[in-house]
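Nothing here was measured: the structure is a model prediction, and the numbers come from that model.
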Amino acid sequence: MEEEFFFESNEDAQRSVERYEEMLRNQDQYFFDAGAFEYIVDFYIEKNDPVKALQVVDFAISQHPYATVFLIKQAHLYILTNNNEKAFIALQKAELLEPSEPDIYLLRGNIFQNTERFDEALENYEKALGLAESTDEILLQMAYVYQSMSDYESAITYIKLSLEQNMENQDGLYELAFCYDVLDKQEESIKFYQQYIDTDPYSYAAWYNLGNSFHKLNLFEKAIDAYDYAILIKEDFSSAYFNKGNALVQLDKYDEAIEVYKHTFEYEQPNADTYCAIGECYEKLEKMDEARSYYKKSVKMDPKMADAWFGIGVTLNHEERYFESLHFYKKAIDLEDENPDFWFAMADAYYKLGQIEESIVAYEKVLEFNPVDVEAWLDFSTVLYEQGKILEASETMAEAIKNNPEAAELYYRMVAYLFAMGNYNDALGYLETALTTDPDKHYILFEYLPQLQDNSAIINVINRYIR
């Protein structure tokens, strides 16, 4: 027996789901109008139950075989359940019934995009563009395709077109920031967001992205101003507080940064990144107990937070608890074994504990991962020199100079090692290079080997460069 139900009001529409489920329980066949079916399908989609939604669509198509809307919904659900072949067939049927329906080409474009057939995706999106009344989302999809093709210039063009259609689209603003970032075009980014803000001064996303662009150009004061506007418009904008905190850190305003970081906790759950950032501020202020307490909160929340494990080690090192600090440096290195800063701290702790061989191994790691760290080269060669390995110290310095030909400190140190080896001619040659590179740093030489102040050959060369 067939019952017929026609739903016109919202209340009836909500009852349509109950009627549909009653029909299933009774293993019966009721008739629903197209509007009711649409509501039922959307209800299951929103409940994240695409399988049930598909069953409804199949039933709807059997009762309304010429309603394109159900074929389109069917295709959409097939895409959600990774059944592209069936989605194509549904879209083909829909196109026969209503070739001017833009959603057909939009969904077909989605399938091609997901399977990395980018040219065909763009072709379908172009068709959808020609048919749709509202095009901002289609333009944004086209931008995503160009991003996937690594054509960020074209992606920017389409995102801008999308934003012209709909200035409220936050996704567009963030995607644009991403493209400018990849192309390293912060100045263009700033220009765009400033123009955008002239048109829509209350767009917190535009102010936020403007702040990020200033930040990347190290214009921290301007970045903070932009973040402040974003916060003024959207008081609970925790990302803006966090990035403002980062900018304050860059300006060495650690107390202010701590306050701003803590502000984020009013609007979102505390997270490991923010705890770690607060820990770093306290560390810079040399408040080691507070720093350690925040680093511990960070690793408790996320045991994979390498920077926080490292931070705990740094606070212990500051208190000369070198042996304990090693344990935490090792935890950090287990998570990020190519981080030169972690290895540098480890090398220093081993050195202070008199574990010279371990220190040397750690220094070699630092320089493998960061050969332009002048301080590390100097410290490493000092360790070798103190062990009486003068030749190795000078060879290390030669390697350091190869990697950092502009660093005068390295040439001055080389002079000291060559003198210690009795290799005076080479020493004076390096001294000339050092003085040519940076004459003002010649005091480094005497800091390292004070006895050279009495060496007339050296003093004569220095006097030629210094007036």
Requested in this report: Could you give me the CA-CA distance, side-chain angles and deciding distance for Gln147 and Ile159, then say whether side chain to side chain contact (heavy atoms under 4.5 Å, CB included) is met?
Outcome: CA-CA 11 Å; Gln147 278 187 24; Ile159 295 167; 4.2 Å; yes
Query raised in the report: Do other residues, nucleotides or ligands put more than 12 heavy atoms under 6.0 Å from the CD atom of Glu266?
Result: yes
Query - Rounded distance [0.5 Å steps], CD in Gln165 versus NZ in Lys160 - result: 15.5 Å
**Report entry** Electrostatic pair Lys185:Glu153 at N-O distance under 4.0 angstrom
**Finding:** yes
**Report entry** Parallel, tilted or perpendicular: rings of Phe344 and Tyr363 (30°, 60°)
**Finding:** perpendicular
Query - Check: Ala177 main-chain N/O paired with Asp181 side-chain donor or acceptor under 3.5 Å - result: no
Query raised in the report: So which heavy atom on Tyr350 is nearest to which on Lys330, and how close?
Result: OH-CE, 3.4 Å
Requested in this report: Inspect the surroundings of OH in Tyr267 and state if more than 12 heavy atoms from other residues, nucleotides or ligands are less than 6.0 Å away.
Outcome: yes
Requested in this report: Could you tell me whether Asp289 and Arg292 make a salt bridge, using a distance below 4.0 angstrom between a side-chain N and a carboxylate O?
Outcome: yes
**Report entry** Side-chain heavy atoms of Ile258 within contact of Leu285, under 4.5 Å
**Finding:** yes
Requested in this report: Determine whether Met397 and Leu378 make a side-chain contact, defined as any pair of heavy atoms from C-beta on separated by less than 4.5 Å.
Outcome: yes
Report task. Could you tell me the separation between the CZ atom of Phe328 and the CE atom of Met346, rounded to the nearest 0.5 Å? Result -> 13.0 Å
Query raised in the report: Given side chains that start at C-beta, do those of Glu280 and Val249 come closer than 4.5 Å, heavy atoms only?
Result: no
**Report entry** Test: Lys244 cationic atom under 6.0 Å from Tyr241 six-membered ring centre, within 45° of axis
**Finding:** no
Query raised in the report: Where is the tightest heavy-atom contact between Ser325 and Gly313, given as atom of each residue plus distance?
Result: CB-O, 3.2 Å
Query raised in the report: Ignoring hydrogens and geometry, is there a side-chain-to-backbone donor-acceptor pair from Thr264 to Tyr261 under 3.5 Å?
Result: yes
Query raised in the report: Is the number of heavy atoms from other residues, nucleotides or ligands within 6.0 Å of CD (Glu364) greater than 12?
Result: yes
Report task. Would you confirm whether Asn124, through its side chain, and Glu120, through its main-chain N or O, come within 3.5 Å as a donor-acceptor pair? Result -> yes
Query raised in the report: Is Ser203 close to Met167 at the side-chain level, that is, under 4.5 Å between some pair of heavy atoms?
Result: no
Query - Any Ile156 side-chain heavy atom under 4.5 Å of Leu183 side chain - result: yes
**Report entry** Residue from Lys127, Met149, Gln113 passing side-chain contact (heavy atoms from CB on, under 4.5 Å) with Leu122
**Finding:** Met149
Query raised in the report: Can the ring centroids of Tyr204 and Tyr229 be said to lie less than 6.0 angstrom from one another?
Result: no
Query raised in the report: Of the options Lys300, Glu290, Glu283, which is the one that meets Tyr295 in a side chain to side chain donor-acceptor pair (under 3.5 Å)?
Result: Glu283
Report task. For the pair Asn339 (side chain) and Asp341 (backbone), establish whether a donor and an acceptor sit closer than 3.5 Å, ignoring hydrogens and angles. Result -> yes
Query raised in the report: Salt-bridged, Lys284 to Asp252, with N to O below 4.0 Å?
Result: no
Report task. Test side chain to side chain contact (heavy atoms under 4.5 Å, CB included) on Leu217 and Ile190 and set out the steps. Result -> CA-CA 10 Å; Leu217 289 175; Ile190 286 167; 3.5 Å; yes
Report summary line: In short, Gly211 meets Ala223 closest at the heavy-atom pair O-CB, 3.4 Å
Report task. Flag the pair Lys234 and Asp236 as a salt bridge only when some basic side-chain nitrogen lies within less than 4.0 angstrom of an acidic carboxylate oxygen. Result -> yes
Query raised in the report: Distance from Tyr196 atom OH to Leu176 atom CG, nearest 0.5 Å?
Result: 10.0 Å
Query raised in the report: Does one side chain, of Asn317 or Thr315, offer a donor that lies under 3.5 Å from an acceptor on the other?
Result: no
Query raised in the report: Are the side chain of Glu101 and the backbone N or O of Asp103 linked by a donor-acceptor pair below 3.5 Å?
Result: yes
Query raised in the report: Are the side chain of Asp373 and the backbone N or O of Ala376 linked by a donor-acceptor pair below 3.5 Å?
Result: yes
Requested in this report: Go through the steps to decide whether Asn169 and Glu137 satisfy the test side chain to side chain contact (heavy atoms under 4.5 Å, CB included), and finish with yes or no.
Outcome: CA-CA 9 Å; Asn169 194 325; Glu137 281 301 333; 3.3 Å; yes
Query - Least distance between heavy atoms, Leu173 atom then Ala206 atom - result: CD1-N, 3.8 Å
Query raised in the report: What distance separates Gln186 CD from Asp184 CG, expressed to the nearest 0.5 Å?
Result: 6.0 Å
Query raised in the report: Can you name the nearest heavy-atom pair linking Val374 to Ala407, along with the distance?
Result: CG2-CB, 3.8 Å
Query raised in the report: Between Glu188 and Lys191, does at least one N-O distance fall below 4.0 Å, as a salt bridge requires?
Result: no
**Report entry** Tyr227 OH to Phe214 CZ distance, which is reported to the nearest 0.5 Å
**Finding:** 10.5 Å
Query raised in the report: For the residue pair Phe118 and Phe112, is the inter-centroid distance of their aromatic rings smaller than 6.0 Å?
Result: no
Report task. Inspect the surroundings of NZ in Lys216 and state if more than 12 heavy atoms from other residues, nucleotides or ligands are less than 6.0 Å away. Result -> yes
Query raised in the report: Any side-chain heavy atom of Glu409 sitting closer than 4.5 Å to one from Tyr412?
Result: no
Query raised in the report: Taking the six-membered ring where the residue is Trp, are the ring centres of Tyr105 and Tyr125 under 6.0 Å apart?
Result: no
Query raised in the report: Is the closest side-chain donor-acceptor distance between Ser189 and Ser213 under 3.5 Å?
Result: yes
Query raised in the report: Does the ring centre of Tyr329 sit less than 6.0 Å away from the ring centre of Phe310?
Result: yes
Query raised in the report: Between Ile197 and Gln194, is a side chain to side chain contact (heavy atoms under 4.5 Å, CB included) present by the stated rule, with each step listed?
Result: CA-CA 5 Å; Ile197 285 161; Gln194 283 173 333; 5.7 Å; no
**Report entry** Side-chain (Trp309) to main-chain (Pro303) donor-acceptor, under 3.5 angstrom
**Finding:** yes
Report task. Look only at the side chain of Asn370 and the backbone of Val366, and say whether a donor-acceptor pair between them is shorter than 3.5 Å. Result -> no
**Report entry** His215 and Gln250, any side-chain heavy atoms less than 4.5 Å apart
**Finding:** yes
**Report entry** Test item: Thr437 side-chain N/O and Thr433 main-chain N/O as donor-acceptor pair under 3.5 Å
**Finding:** yes
Query raised in the report: For the side chain of Trp377 and the backbone of Val372, is there at least one donor-acceptor N/O pair under 3.5 Å apart?
Result: no
Query - Leu140 side chain reached by Tyr158 side chain, heavy atoms, under 4.5 Å - result: no
Query raised in the report: Taking the six-membered ring for Trp, is the centroid-to-centroid distance between Tyr146 and Tyr152 below 6.0 Å?
Result: no
**Report entry** Polar contact flag, side-chain donor to acceptor under 3.5 angstrom, Tyr208-Asn243
**Finding:** yes
Report summary line: Scanning both residues in full, the closest heavy-atom pair of Ala332 with Ala306 reads CB-O, 3.5 Å
Query raised in the report: Roughly how far, to the nearest 0.5 Å, is the OH atom of Tyr275 from the CG atom of Asp302?
Result: 13.0 Å
